[in-house]
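The structure appears below as structure tokens.
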Amino acid sequence: MGAKVVYPDGKAEIVEKGKRLGEFLNEKYLCGKTDNQIADFSYEIKGKEEIFLCDFESEEGKLAFWHTSSHVLANAVKELFPSAKLGIGPPVENGFYYDFYVEKPFSPEDLENIEKKMKEIIERKENLERIEISYEEAKRIFSEKGENFKLELIEDFKEEKITVYKHGDFIDLCKGPHIKNTGFIKTIKILSASGSYWKGDERNPGMQRIYGVSFPSKKQLKHFLHLLEEAKKRDHRKLGKELELFSFSEDIGPGLVVWYPKGATIRKIIEDFLYKEHIKRGYVPAITPHIGKKDLWKRSGHLDFYIENMFPEMKFEDEEGYFAKPMNCPFHIQIYKSKIRSYRELPFKIFEFGNVYRFERSGVLHGLVRVRGFTQDDAHIFCTENQVKEEIKKVIDFATFVLKSFGFEKYHVYISTMPEDHVGTEQMWEIATKSLIESAKEKNMEFKIEEGEGAFYGPKIDILIEDALGRKWQCTTIQFDFNIPERFEVKYRDKDGKDKTPYLIHRALIGSFERFFGLLIEHYAGNFPLWLAPVQARVLPVSEHINDYAEHILKLLLEHNIRADMDLGNERISYKIRNAENEKIPYILIVGKREKSENKVSIRKHGEGEKGVIQIKEFINTLMEELKQYG
């Protein structure tokens with residue numbers, strides 16, 4: 001029986017073993033996927049497998065397409081700057097990059113010339129070739145080329161099969177996958193250049209990183225560039241400053257967020273919402289310290305496996321050292337172990353909005369997305385083997401409810417399975433992994449298996465959401481942990497009177513408040529829905545003679561728990577309206593002599609303009625009804 005080659009439309013054909021997948025690939029079908037692995041043109045068909053062909057609309061197709069584009073970029077740089085040394089050039093979520101070691105940074109003119117050269121290379125329509133070579137041959141090839149960074153990588157890979165990809169005269173150390181021909185790339189563009197470090201370590205040589213993107217059509221590039229411009233307008237760092245939501249201060253320290261009143265208001269709304277929903281679902285709250293003794297982190301394994309991400313040890317008098325906590329897990333374990341637990345108490349579900357601190361290198365800090373101090377919506381579920389699957393399903397329901405409540409409907413789900421090096425028995429891994437897969441299926445979630453990509457301490461589900469621009473963001477993680485229970489000897493007393501180890505599920509729904517807030521800013525472009533808006537209504541008197549009526553209106557709004565303020569400045573009303581619109585306040589209430597005499601307000605809705613003059617009680621009722629839709 002031959003292999004089955006399946007096209008994106010579902011049609012299939014049987015193919016004898018020995019053929020290369022490249023026979024089925026072209027400008028439309030860029031690569032294949034089999035057993036959750038990407039297969040490119042060089043793949044030899046074995047005869048029994050099922051191979052799904054992938055076009056550019058698939059993740060696999062984009063990956064192969066952009067990987068080849070990065071080689072075209074490296075080829076162009078080497079032709080224009082022969083002395084440049086090659087680093088690495090992977091595909092990324094929205095394009096690709098390549099790192100180069102050069103004597104001076106690339107200028108804007110250099111980047112223009114590199115893009116022109118890339119287009120020339122594409123026009124050559126050169127086939128790619130995958131070649132397996134020995135460790136010695138790899139060293140010879142790249143020694144002759146003076147590629148010292150490639151030689152370092154070869155040492156890292158010396159125990160593995162070494163492959164290179166070649167097109168024309170250009171050759172690069174690479175595992176693939178790639179598309180069949182450079183001519184399949186119809187349009188390519190350099191986006192930017194920035195500094196980086198070899199292997200991301202600032203102790204290593206500085207590199208120049210060039211970012212680019214490519215597509216099978218000019219229309220796709222045009223759409224991408226439009227989204228790129230829209231993303232710049234929505235940048236949470238820009239809007240955070242304009243809307244006075246948060247900031248960072250060098251006096252305080254990089255990566256440490258200062259929440260301004262409006263940002264703090266939104267955060268409190270999110271916290272209150274999540275707190276209430278946790279209590280409804282049987283979780284119990286905890287508050288734990290920001291630091292812990294050295295022995296605690298030694299026992300948990302953090303000092304062995306995570307020390308590079310932890311802030312330095314703190315010493316107090318003659319006491320044992322302390323560390324700022326990078327995670328909440330050991331503290332929740334202490335609460336669980338505060339007494340002997342019976343099987344009747346399980347599942348025991350404990351949650352905390354816990355502040356944690358991780359030492360991120362300055363080069364990777366990025367607004368609210370990558371910080372050094374942040375708050376996790378952390379929870380740990382202790383349960384029996386028989387409860388595992390039901391608890392996973394409950395967490396999935398909880399996660400999707402929360403994400404939908406904040407306006408996110410599209411998800412990408414990934415399940416990561418057992419790596420070679422792991423703790424816990426294979427039976428525990430099998431039970432946990434099976435529960436994740438079956439739960440996702442029963443909840444009708446499409447998912448992708450990431451074989452061998454689980455952490456050493458347990459399998460997990462990651463839920464990525466799509467924002468208004470179609471970008472994916474990591475949010476929910478549901479992670480089994482077989483390491484912590486073993487290290488801390490976590491037990492429960494079963495019905496037979498014996499002590500047994502519970503399954504421990506570590507989960508976060510929104511991840512970190514900081515990162516999620518940055519996502520919300522960009523998703524809504526700062527136009528928060530009414531229930532999240534820090535100021536829901538602003539009262540604007542047309543003159544100081546109406547200030548007393550404006551204060552009366554404000555008092556009524558506040559009495560109905562509507563977040564409102566007023567502008568009593570001496571500026572013209574048009575100026576006040578413009579300010580309120582720029583601050584993206586949902587409702588503007590304008591009051592003058594007529595409104596005062598009739599006990600009414602003139603309503604203006606953000607982005608929509610005037611809505612008429614109505615009684616203040618009618619406006620309040622309308623607002624309260626609108627808020628009901630948010631629960």
Side-chain angles (χ1 to χ4, degrees), residues 155-156 159 197 199-204 255 286 288-316 318-337 350 352 354-365 370-376 378-382 416-429 432-433 450 452-460 462 474 477-491 501-508 511-512:
E155 292 302 316
D156 294 340
E159 303 302 324
Y197 293 100
K199 294 185 175 179
D201 190 334
E202 60 224 32
R203 295 168 294 188
N204 288 338
T288 61
H290 292 229
I291 62 175
K293 292 173 69 174
K294 183 176 183 177
D295 273 354
L296 181 74
W297 304 112
K298 181 68 176 175
R299 188 175 183 185
S300 69
H302 286 91
L303 292 188
D304 293 326
F305 302 110
Y306 208 72
I307 187 67
E308 289 187 1
N309 297 96
M310 295 173 68
F311 277 90
E313 184 177 359
M314 296 175 279
K315 292 277 190 178
F316 304 105
D318 296 327
E319 290 190 50
E320 176 189 350
Y322 288 76
F323 286 88
K325 66 174 178 179
M327 296 179 187
N328 300 300
C329 314
F331 296 86
H332 291 188
I333 293 294
Q334 300 299 315
I335 296 171
Y336 178 86
K337 290 190 66 179
I350 186 168
E352 176 181 12
N355 298 99
V356 296
Y357 303 90
R358 298 179 187 174
F359 183 74
E360 299 283 5
R361 299 192 179 277
S362 57
V364 300
L365 296 176
R370 201 75 177 265
V371 291
R372 287 177 173 168
F374 57 96
T375 307
Q376 287 184 311
D378 226 349
H380 290 85
I381 301 170
F382 301 81
S416 301
T417 63
M418 186 173 70
E420 286 188 22
D421 296 324
H422 62 273
V423 297
T425 66
E426 293 199 7
Q427 181 184 4
M428 294 174 74
W429 276 84
T433 305
E450 301 276 288
E453 293 299 316
F456 76 92
Y457 49 82
K460 65 175 179 174
D462 287 321
Q474 168 73 55
T477 294
I478 308 169
Q479 172 84 63
F480 280 91
D481 192 332
F482 303 135
N483 179 52
I484 288 283
E486 181 179 315
R487 285 178 172 269
F488 285 91
E489 299 177 348
V490 178
K491 302 292 181 182
T501 302
Y503 278 75
L504 176 59
I505 302 168
H506 178 192
R507 50 109 292 211
S512 85

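These figures come from a predicted structure and were not determined experimentally.
A distance of 6.0 Å or more separates the ring centres of W297 and F311.
Looking at every heavy atom in both residues, G424 comes nearest to F482 through CA-CB, 4.1 Å. Contact record, P330 with H302: CG-CE1, 4.3 Å, taken as the closest heavy-atom pair. Nearest approach of G321 to E313, heavy atoms of both residues: CA-OE2, 3.2 Å. Of all heavy-atom pairs between F323 and M314, the closest is C-CE, 3.9 Å. In plain terms, the two heavy atoms of Y357 and G373 that are nearest each other are CD2-CA, 3.8 Å. Here the shortest heavy-atom pairing between F374 and V371 reads CB-CG2, 3.7 Å.
Contact of the P419 side chain with the E453 side chain is not registered, since no non-hydrogen atoms from C-beta on lie closer than 4.5 Å. Counting heavy atoms from C-beta outward, R372 and F359 have side chains that approach closer than 4.5 Å. Contact of the M418 side chain with the T433 side chain is not registered, since no non-hydrogen atoms from C-beta on lie closer than 4.5 Å. Between L504 and P485 the shortest side-chain heavy-atom distance falls below 4.5 Å. Annotation: side chain of R507 is in contact with side chain of I381 (closest heavy-atom distance under 4.5 Å). Taking 4.5 Å as the limit, some side-chain heavy atom of D295 sits within range of a side-chain heavy atom of E320. Here the side chains of F331 and L296 are in contact, with some heavy-atom distance below 4.5 Å. Looking only at side-chain heavy atoms (C-beta outward), V490 and P502 come within less than 4.5 Å of each other.
With rounding to the nearest 0.5 angstrom, the NE2 atom of H506 is 9.5 Å from the CD1 atom of I484. To the nearest 0.5 Å, the span separating CG on D481 from CD on E486 amounts to 10.5 Å. Annotation: the span from Y336 atom OH to Q334 atom CD amounts to 13.0 Å, rounded to 0.5 Å. To the nearest 0.5 Å, atom OH of residue Y503 and atom OG1 of residue T501 are 10.0 Å apart. Note that the NZ atom of K293 and the CZ atom of R299 stand 12.5 Å from one another [nearest 0.5 Å]. Once rounded to the nearest 0.5 Å, the distance linking CG of D378 with CD1 of I350 reads 10.0 Å.
Heavy-atom neighbours of K294 NZ from other residues, nucleotides or ligands within 6.0 Å: at or below the threshold of 12.
W429 places no side-chain N or O within 3.5 Å of a backbone atom of Y457 that could act as its donor or acceptor partner. The closest donor-acceptor contact from the side chain of S416 to the backbone of P459 lies at 3.5 Å or more, if one exists at all. A distance-only check finds a donor-acceptor pair linking the side chain of K325 to the backbone of P289 [under 3.5 Å]. The main-chain N or O of N309 is never found under 3.5 Å from a side-chain atom of R358 such that the two would form a donor-acceptor pair. E352 contributes a side-chain N or O that, together with a main-chain N or O of T288, makes up a donor-acceptor pair within less than 3.5 Å. Of the possible polar contacts, one joining the K337 side chain to the F488 backbone as a donor-acceptor pair under 3.5 Å is found.
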message = For E360 and R370: C-alpha separation, side-chain torsions, deciding distance, then whether salt bridge (charged side-chain N to carboxylate O under 4.0 Å, His left out) applies.
response = CA-CA 8 Å; E360 299 283 5; R370 201 75 177 265; 3.3 Å; yes

message = Between R203 and D201, is the salt bridge (charged side-chain N to carboxylate O under 4.0 Å, His left out) condition met? List the steps.
response = CA-CA 5 Å; R203 295 168 294 188; D201 190 334; 2.6 Å; yes

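Between F382 and H380, the ring planes are tilted. Angles from 30° to 60° get that label.
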